[in-house]
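First comes the structure, then the notes that go with it.
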Amino acid sequence: MTQYIQVAEIEHDEPVEIPSEDDGSLLVSTLAAQFPGACGLKYRNPDTGNFRGVRLSEGLLYPPDGVWGSHVYVVVFPKLQPAVTVPERSDEGEIHYIPSLCDNKRKGDNELENPSAKTKRLEQKKCTDLIVLGLPWKSTEDDLRSYFSKFGDLLLTQVKREPKTGQSKGYGFVRFANYDSQLKCLAQRHMIDGRWCDVNIPNSNEMNSPPSNRKVFIARCSENITADHLRDYFIKFGEVIDVFIPKPFRAFAFVTFLDPEVAQSLCGEDHIIQGTSVHVSSAAPKFPAKGAGERRDGAGVEIGIGTMGDGTGIETGTGSIEIGIMIAEVGIRDQDLPVEGILT
DNA sequence: GTTGAGCGTT
């Protein structure tokens with residue numbers, strides 16, 4: 001018959017009573033329902049003062065000596081080793097000296113906190129948007145929020161819909177404020193409104209970007225994001241020397257930084273600007289451009305048009321225009337250059 | 001009003 005087992009998240013914390021199965025064993029999934037991400041239990045052995053682990057087999061925890069008794073058990077969570085617990089993407093080969101992506105701090109303001117390098121790396125691991133697959137058609141942003149907030153504070157909830165009908169496409173995105181929330185969330189499946197849903201790091205976050213460029217590509221811009229918004233937002237990471245938004249609206253932009261390091265450090269990240277989650281990636285094209293400048297390595301010719309003076313690139317307005325052609329190890333984005341009509 | 005693998009109006 002069912003026993004109730006006292007379990008606390010940390011020792012001396014207030015315990016929660018968790019039901020066993022009829023045979024006395026405890027499903028890890030039952031445990032995880034109260035303590036998301038939990039993978040085991042331990043308890044203090046009164047004889048030695050040491051912690052003792054509870055036996056785990058096939059997703060079931062078994063009571064020591066056959067009875068759970070009146071111990072207060074303590075939840076065991078997976079060690080925070082991202083390489084093991086999280087499906088890593090290729091964008092993590094280097095340490096990012098970023099205290100937290102989510103509060104958007106950068107080098108220069110992190111010297112005082114975070115003593116050990118190892119801790120630092122863990123704490124600094126960035127939160128990305130997470131894709132939630134398999135949502136019920138009726139699930140809303142509010143439903144996502146109320147479900148996922150048990151893992152921690154949320155910075156974004158989004159259900160993707162058909163623009164015309166508003167009908168859900170059955171998936172959405174969430175983003176946590178803290179990386180441990182993200183880890184816990186990724187470690188399990190989710191029952192949302194009667195359906196099992198999967199949470200993953202979206203494939204669209206893959207960043208196999210080639211090296212150094214001061215210009216980054218800002219994807220998923222919404223129409224209400226202006227050049228000033230972008231400049232004001234990104235200035236906190238380093239000096240912004242150009243912002244380019246195509247007209248008419250094309251849902252992307254370019255931001256150029258003075259320091260290529262800054263540009264590179266932002267690649268692969270998601271940022272929330274004017275309530276929209278935008279994605280930063282290298283301004284180099286994913287595929288070689290078609291046509292004249294094409295090369296097998298994706299490099300090509302970049303044609304720049306701009307006014308003289310501050311060197312910040314394309315601007316509008318009157319005045320003399322300088323046309324320059326620069327051979328560079330940068331590819332051409334097709335979006336970059338419908339310029340034939342202007343070269344007169 | 002239906003559906004059930006996917007990847008966000010480059």
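Letters A, B, ... mirror the listed sequences (proteins, then strands); counts begin at 1.
Listed here is the closest heavy atom pair of A:L230 and A:A253: CD1-CB, 3.6 Å.
The distance from atom CZ of A:R161 to atom P of B:dC7 is 20 Å, rounded to the nearest whole Å. Rounded to a whole Å, the CD1 atom of A:I273 is 19 Å from the P atom of B:dG8. In this structure, the CG atom of A:N203 is 6 Å from the C1' atom of B:dC7, given to the nearest Å. Rounded to whole Å, the distance from CD1 on A:I245 to P on B:dT9 is 17 Å. If you take NZ of A:K169 and P of B:dT3, they are 19 Å apart, rounded to a whole angstrom. The distance from atom CD of A:Q158 to atom C1' of B:dC7 is 12 Å, rounded to the nearest whole Å. The CZ-P distance, from A:R195 to B:dG4, rounds to 10 Å in whole Å. Rounded to an integer number of Å, the gap from CD1 of A:I218 to P of B:dG8 is 17 Å.
Position along DNA chain B of the nearest nucleotide to A:Y171 versus A:Q167 favours A:Q167 as the more 5'-ward residue.
Residue A:F217 and nucleotide B:dT10 are classified as a stacked aromatic pair, their ring centres being separated by less than 5.5 Å at an interplanar angle below 30°.
Among the heavy atoms of the strands, none lies under 4.0 Å from A:S222. A:L135 comes within 4.0 angstrom of a nucleotide base, judged by non-hydrogen atoms across all strands.
Side chain A:D129 to base B:dG8: a donor-acceptor pair is found below 3.5 Å.
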Discussion item. Using the rule given for ring-ring contact (aromatic ring centres under 6.0 Å, His included), can you reason through A:F151 versus A:H190, listing the C-alpha separation, both sets of side-chain angles and the distance that settles it, and then say yes or no?
Written reply: CA-CA 12 Å; A:F151 297 98; A:H190 304 272; 5.3 Å; yes

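Remark: aromatic rings of A:W68 and A:Y4 are distant, center separation not under 6.0 Å. Proximity of the aromatic rings of A:F257 and A:F237 is defined here by a centroid distance below 6.0 angstrom, and this criterion is not met.
Using a 4.0 Å cut-off, some side-chain N or O of A:K160 falls inside it from OP1 or OP2 of B:dT9.
Of the candidates B:dG8, B:dG6, B:dT10, B:dT10 carries the atom nearest the A:R250 side chain, counting heavy atoms from C-beta on. Listed nucleotides: B:dT10, B:dC7, B:dT9. Nearest to the side chain of A:P202: B:dC7. In the set B:dG8, B:dT3, B:dC7, the nucleotide with an atom closest to the side chain of A:W137 is B:dT3. Taking the side chain of A:R220 as heavy atoms from C-beta on, and the options B:dC7, B:dT10, B:dG8, the nearest nucleotide is B:dG8. Relative to the side chain of A:D270, the nucleotides B:dT9, B:dT10, B:dG8 differ in distance, and B:dG8 lies closest.
A donor-acceptor contact closer than 3.5 angstrom links the side chains of A:N224 and A:S222.
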